[in-house]
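Report on the following structure.
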2 protein chains.
Amino acid sequence: MSTGRPTLADVAVAAGVSVSTASLAFSGAGPIAAATRDRVLAAAADLAYPGPNPLGQQLRTGRSGIVGAIFGDRLRRSFRDPVSIQMLDGLAQSLGAHDIGILLIPSEAGDVPPLVAHAAMDAAVVVLCNGPDDAVVAALARRGIPVVLVEGDLGAPTERDGPAGRVPASHPTARVGIDDRRGTEALVRTLRALGHERFGVVALPFGHDRRLGEPDPARDPRSGYLATRRRLAGIADAGVVPEIVIETPASLVEHGRSAGHEILSRPDPPTAIIALSDLLASGVVLAARELGLRVPEDVSIAGFDGLDLPWLAPDVLTTVRQPLAEKGRQAGEAAIALIAGVPFPPVILPVQYEQGTTTAAPRAASHSNG
Amino acid sequence: MSTGRPTLADVAVAAGVSVSTASLAFSGAGPIAAATRDRVLAAAADLAYPGPNPLGQQLRTGRSGIVGAIFGDRLRRSFRDPVSIQMLDGLAQSLGAHDIGILLIPSEAGDVPPLVAHAAMDAAVVVLCNGPDDAVVAALARRGIPVVLVEGDLGAPTERDGPAGRVPASHPTARVGIDDRRGTEALVRTLRALGHERFGVVALPFGHDRRLGEPDPARDPRSGYLATRRRLAGIADAGVVPEIVIETPASLVEHGRSAGHEILSRPDPPTAIIALSDLLASGVVLAARELGLRVPEDVSIAGFDGLDLPWLAPDVLTTVRQPLAEKGRQAGEAAIALIAGVPFPPVILPVQYEQGTTTAAPRAASHSNG
DNA sequence: CTGAAAGCGCTAACAT
DNA sequence: ATGTTAGCGCTTTCAG
């Protein structure tokens with residue numbers, strides 16, 4: 001041992017056994033006499049040996065015991081959103097049960113962070129991805145790291161080998177998502193049944209190029225975040241063409257508030273506003289209150305997610321609840337399966353419409369042209 | 001190469017150079033002819049070699065490139081608190097600049113998570129600690145992992161070798177905190193200058209045994225979270241003995257709301273309520289509104305942190321602002337210094353009183369006994 | 001049940 | 001500027 005921290009070899013010498021036996025004493029992965037084990041552990045305690053060095057184990061076993069969690073945004077923004085947090089909590093639960101750690105990788109606006117390219121991990125969970133040509137997913141695939149896509153997809157396998165051509169169809173991949181398209185559709189149908197005909201939409205970001213305002217008409221509708229696209233598709237499925245859509249740079253109360261002002265300050269605003277997240281919706285509620293509009297008498301407002309929003313009291317937001325922690329747990333299970341080389345079939349979790357106090361029948365007959 | 005993923009040795013063979021030269025081509029840590037390097041990189045591209053295996057690097061260099069971030073609470077709670085998030089964001093900034101990853105380690109109520117005992121990390125940032133006898137810190141010290149204490153301390157070196165005796169004074173340790181004691185004192189002095197004499201306090205958790213209600217009088221005042229203790233000390237420094245103190249299990253709006261109800265429903269409630277965090281304070285504001293009390297006319301409410309609370313509009317919370325991201329950045333710098341073997345002197349960041357709309361002079365003469 | 005030997009993939013002296 | 005050599009600390013066949 002001479003210098004530095006003691007190693008397994010030092011312990012073996014001190015205990016008068018071979019290194020392999022000492023290893024067994026710690027791992028329990030093989031037959032060993034109780035007396036021998038105790039002797040080894042005693043020697044370890046003597047030397048203040050803190051247990052097998054994980055670096056040695058990892059190289060030997062080829063496993064780091066780490067799963068990367070990659071968020072398509074910087075922490076400050078992602079993590080102010082309880083949606084990411086609850087998902088992460090579920091993820092920590094299922095991975096923690098297997099003693100697997102979570103390596104936090106914020107990824108600013110679609111770049112490929114060095115950690116994605118170089119950090120040791122056995123699998124990665126990518127929380128938002130930009131469709132078939134996501135550079136982060138491509139980088140992981142190149143490294144042979146299994147990928148779990150949460151709320152994302154890579155398109156049909158045939159597309160993947162196209163010009164982007166970066167994720168071979170054979171690469172271990174799993175998908176965990178929610179049925180947000182049909183959830184949004186159900187929500188909008190309920191609003192129509194109440195008599196609403198004129199809708200405004202406050203949307204989640206369309207893609208990594210985040211902005212606040214009406215969407216760029218020149219943008220490719222086939223690119224960008226799939227969650228946003230699916231929820232917009234759900235609105236269309238319900239037969240609604242919104243009078244106005246405001247894209248926001250992130251799911252945050254303040255952006256919902258700005259968008260709400262934008263929509264509700266218009267001469268003849270829509271009678272119902274659908275926000276694609278609860279945080280955005282609650283910002284719209286605040287904007288309405290600030291403009292002296294009563295909710296839901298003057299305007300109906302609905303969200304998506306099913307968060308607890310105690311500060312909206314006495315109002316309770318009408319929303320579509322998604323099982324956030326369960327989504328994270330499933331993502332963790334998917335990662336564990338892929339690491340073990342077992343395929344993990346796609347999971348689509350159900351969502352549920354929840355009536356609150358922020359939606360009601362529109363006040364009076366509305367007219368579609370001012 | 002035969003089977004499996006290619007290694008540096010395969011690349012070397014393909015490029016017709018030695019392994020060490022191939023290594024140099026990737027690391028750039030030594031002299032190499034441009035032509036040779038290009039040849040190596042070309043061979044690597046040919047073999048679809050994704051770059052040096054981090055596991056090999058790590059064993060060889062003895063560095064994992066990972067810093068553990070340990071929160072004294074489960075994710076669900078910690079991460080709903082923007083305070084933790086902004087700190088984490090700052091941490092990610094400074095560590096990210098050195099390509100160091102953050103391993104997320106939630107630690108339920110003071111236990112020692114397996115990851116703390118076994119995961120590879122070059123240093124650890126412990127966000128709340130329970131004073132001199134914190135088991136997590138002791139476990140890290142045993143492993144020889146440098147520790148950065150955020151908002152924590154281990155007491156005087158002499159104490160450390162006491163009965164707990166688990167963190168040798170020589171263990172590489174750094175401290176990053178804020179001047180919360182004096183910040184709270186300044187806040188309370190301002191309230192007193194306005195004429196307030198009767199105070200209620202909504203406190204952060206006292207320790208890992210979290211509860212809602214009046215603090216257990218039997219508890220040892222010398223144990224538990226130091227941030228809570230310091231802020232309470234600041235109140236005392238200002239010459240105030242609160243009429244009532246409510247301890248909360250976490251810094252969350254709903255707990256502030258419960259505590260607010262508890263205090264404000266009393267027969268003759270205090271004229272000023274000091275919450276030890278903004279989230280708690282905003283819950284108290286909600287409780288006041290629900291009880292039909294006007295803020296600040298009927299009751300003054302102040303917080304601590306300096307968060308953006310858009311949904312409190314039109315009110316702006318009176319608070320003491322702390323530099324959260326900077327705290328995280330400093331913690332990151334401290335970790336980097338300790339990893340390099342350089343001592344990092346303790347950092348106490350300044351805080352600043354910020355007047356909002358939730359505090360004012362008390363309504364009328366108050367009487368201290370009903 | 002225990003020991004000997006091999007090697008995971010890489011980097012860093014040192015020698016050329 | 002390149003090659004040779006020697007491990008980092010551990011687990012895991014395989015013999016005994």
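Just so it is clear, the structure is predicted and the values come from calculations on it, not from any experiment. Every chain is numbered from 1 and lettered A, B, ... according to where its sequence line falls, protein lines coming before strand lines.
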Protein-nucleotide distance (D38(A), atom CG; dC1(C), atom C1'), rounded to Å: 15 Å

N53(B), nearest nucleotide to its side chain (from dC1(C), dT2(D), dG9(C)): dG9(C)

Between dC10(D) (C1') and H118(B) (NE2): distance, integer Å: 15 Å

Exam field: side chain R39(A) to backbone A15(A), donor-acceptor pair closer than 3.5 Å: yes

Toward the 5' end of DNA chain D, by each residue's nearest nucleotide, P31(B) or P52(A): P31(B)

Distance in angstrom units between Y49(B) OH and dC10(C) C1', rounded: 8 Å

From CD (E151(A)) to OH (Y225(A)), nearest 0.5 Å: 13.0 Å

Side-chain (T173(B)) to main-chain (H171(B)) donor-acceptor, under 3.5 angstrom: yes

Interatomic distance, D10(A) CG vs dC10(D) C1' [rounded to whole Å]: 13 Å

Mind listing the N/O atom pairs, protein and nucleotides 12-16 of chain D, below 3.5 Å?
from	atom 1	to	atom 2	distance (Å)
dT12(D)	O4'	R60(A)	NH2	3.4

Closest non-hydrogen atom pair between Q58(A) and S64(A), with its separation: OE1-O, 3.4 Å

Could you give the side-chain donor-acceptor pairs of residues 137-144 of chain B under 3.5 Å, partners two or more places apart or in another chain?
from	atom 1	to	atom 2	distance (Å)
R143(B)	NE	A117(B)	O	3.4
R143(B)	NH1	V116(B)	O	2.8
R143(B)	NH1	A117(B)	O	3.3
R143(B)	NH1	A119(B)	O	3.0
R143(B)	NH2	A119(B)	O	2.6

Rounded distance (Å) that lies between atom P of dA6(C) and atom CG of L59(A): 18 Å

From dC10(D), dC10(C), dC1(C), nucleotide with atom closest to Q57(A) side chain: dC10(D)

Separation of dC8(C) C1' from R63(A) CZ (nearest whole Å): 14 Å

Atom pair CG (D10(B)) and CG (L47(B)), whose distance is rounded to the nearest 0.5 Å: 6.5 Å

From I66(B) atom CD1 to L95(B) atom CG, the distance as rounded to the nearest 0.5 Å: 11.5 Å

Interatomic distance, Q58(B) CD vs dC10(D) C1' [rounded to whole Å]: 14 Å

Nucleotide dC1(C), atom P - distance to CZ of R37(A) in whole Å: 11 Å

Short side-chain N/O contact to dG9(D) OP1/OP2 from T7(A), under 4.0 Å: no

